[in-house]
Amino acid sequence: MPRSGRFGERGRTRTSQGDLSRIGAGGKADRSHRAGAPYLVPGGMALAALFLVWAFGGRLASCAPSLRSPETQVREALDRQDRAQLDDVYGFKGGGTVELVPVHFSDVSPVVEGARATVVAMLEAEGRVVWRDQQASLAYVGRERFHMKRCAIAGWCGEGDQFDRLRGVLLPLFRRHDARQRGDAAAFERLLGSGYAGGPEGREAAVARLRAESASPARARVLGWQVRVERDGAEVGEDVEVRRGSAPPVRERRVSKLVRESERWVFASGA
């Protein structure tokens, strides 16, 4: 049998080793606790940042427009405008509607004075024009000068004159079509500019031609207009379907030039 003293030594040795293992395990746990603590700092900061965004995000968003210049806000409002509708394009409260999709503004130059802006921009649009019992396709490219004002939803809204040059050109196109259909030489002559086709002879020849055609007027239907406006001049391509007597309809292509005289558009050639 082993002696009691030796057994006691072994027992004390085992007890001592057990204590050391417990100390070691406790040390590792303590070190891991100390190592993990720094990660709580950035995590807490992230949570705080999320709270601030949640609490003040709406307030910051509402202030964002004020951080941009009024000119930038006008350009952004026009970038968001991708369609337009114009009423009473036939003129003289005769009805007529233009629907344009898409609409694109480029080379935008705004001058802002308080809550109102004067804008010069290049405008491109496609769509259709409807009047009376007729409709035709419409393509437009033109430099327009118009006005905008501050508004609640869009930030800046048009005052209704964005397409004034297009309206101005459509009016003589409607009037010429009506004059041809009726064989009305007097109404037709009023649409011709003072320098039509380079001189009075061209003007008189155009009116004489309409008078000759009025004996057996042709029925025409406009299929489409392509309008380009630059400053005080315009060029118009017109596709029409013409029916003469009992003959089958014929599709014709016409090109006209218009100028602005005394605030109205008149034909310079091709009427």
Side-chain angles (χ1 to χ4, degrees), residues 57-131 135-174 222 224-239 256-260 263-265:
R59 195 173 301 173
L60 291 172
S62 65
C63 297
S66 64
L67 301 178
R68 302 188 301 274
S69 69
E71 291 78 10
T72 299
Q73 294 175 34
V74 168
R75 292 188 179 95
E76 291 175 349
L78 291 175
D79 284 341
R80 292 190 295 268
Q81 182 178 342
D82 61 353
R83 62 184 61 226
Q85 178 170 314
L86 314 180
D87 297 322
D88 196 28
V89 293
Y90 186 80
F92 307 111
K93 297 183 179 180
T97 302
V98 168
E99 298 173 354
L100 297 172
V101 180
V103 173
H104 177 66
F105 295 87
S106 62
D107 194 19
V108 179
S109 178
V111 177
V112 179
E113 296 179 354
R116 195 167 189 256
T118 302
V119 184
V120 176
M122 200 69 183
L123 194 154
E124 298 178 42
E126 295 180 4
R128 65 173 187 160
V129 54
V130 180
W131 75 104
Q135 70 174 22
S137 64
L138 178 65
Y140 177 57
V141 178
R143 188 171 297 279
E144 292 275 1
R145 183 179 182 274
F146 53 93
H147 299 89
M148 301 183 74
K149 61 183 178 182
R150 290 189 182 274
C151 57
I153 298 177
W156 288 86
C157 299
E159 292 188 354
D161 58 350
Q162 286 181 326
F163 297 84
D164 272 4
R165 288 187 175 182
L166 174 60
R167 285 179 177 274
V169 171
L170 285 176
L171 184 60
L173 293 178
F174 288 130
V222 180
W225 282 313
Q226 305 85 42
V227 180
R228 183 179 184 89
V229 176
E230 278 291 346
R231 297 181 181 177
D232 293 330
E235 184 170 303
V236 179
E238 182 181 53
D239 296 309
S256 305
K257 291 186 178 181
L258 296 91
V259 294
R260 190 157 57 178
E263 300 303 317
R264 74 185 187 104
W265 291 87

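The figures here come from the full heavy-atom set of this structure, side chains too, leaving out hydrogens, waters and symmetry mates.
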Pairs involving residues 79-116, ordered by first then second residue, that meet disulfide (SG to SG under 2.5 Å) (sequence neighbours left out): none

With Ala115 via side chain to side chain contact (heavy atoms under 4.5 Å, CB included) - residues at least two apart: Arg150

Results of salt bridge (charged side-chain N to carboxylate O under 4.0 Å, His left out) for Glu76 - residues two or more places apart only: Arg68

Pairing residues for Phe146 by the ring-ring contact (aromatic ring centres under 6.0 Å, His included) criterion, not counting sequence neighbours: Phe105

Pairs touching residues 154-166 that satisfy salt bridge (charged side-chain N to carboxylate O under 4.0 Å, His left out), sequence neighbours left out: Arg116-Glu159

Partner set under side chain to side chain contact (heavy atoms under 4.5 Å, CB included) for Arg83, not counting sequence neighbours: Val101

Sequence-distant partners of Gln85, side-chain hydrogen bond (donor to acceptor under 3.5 Å, both in side chains), two or more places apart: Asp87

Greater than 12 external heavy atoms within 6.0 Å of Arg231's CZ: no

Side chain to side chain donor-acceptor pair (under 3.5 Å) contacts touching residues 121-131 (sequence neighbours left out): Glu99-Arg128, Arg128-Gln135

Partners meeting salt bridge (charged side-chain N to carboxylate O under 4.0 Å, His left out) with Asp107 (sequence neighbours left out): Arg143

Worked check of side-chain contact (heavy atoms from CB on, under 4.5 Å) between Trp156 and Leu78: CA-CA 8 Å; Trp156 288 86; Leu78 291 175; over 6 Å; no

Salt bridge (charged side-chain N to carboxylate O under 4.0 Å, His left out) against Asp232, all qualifying residues, sequence neighbours excluded: Arg260

By side chain to side chain contact (heavy atoms under 4.5 Å, CB included) - contacts of Glu71 (at least two apart): Ser69, Arg75, Pro110, Val112

Residues in side chain to side chain contact (heavy atoms under 4.5 Å, CB included) contact with Val98, at least two apart in sequence or another chain: Leu86, Val89, Leu100, Val129, Leu138, Leu170

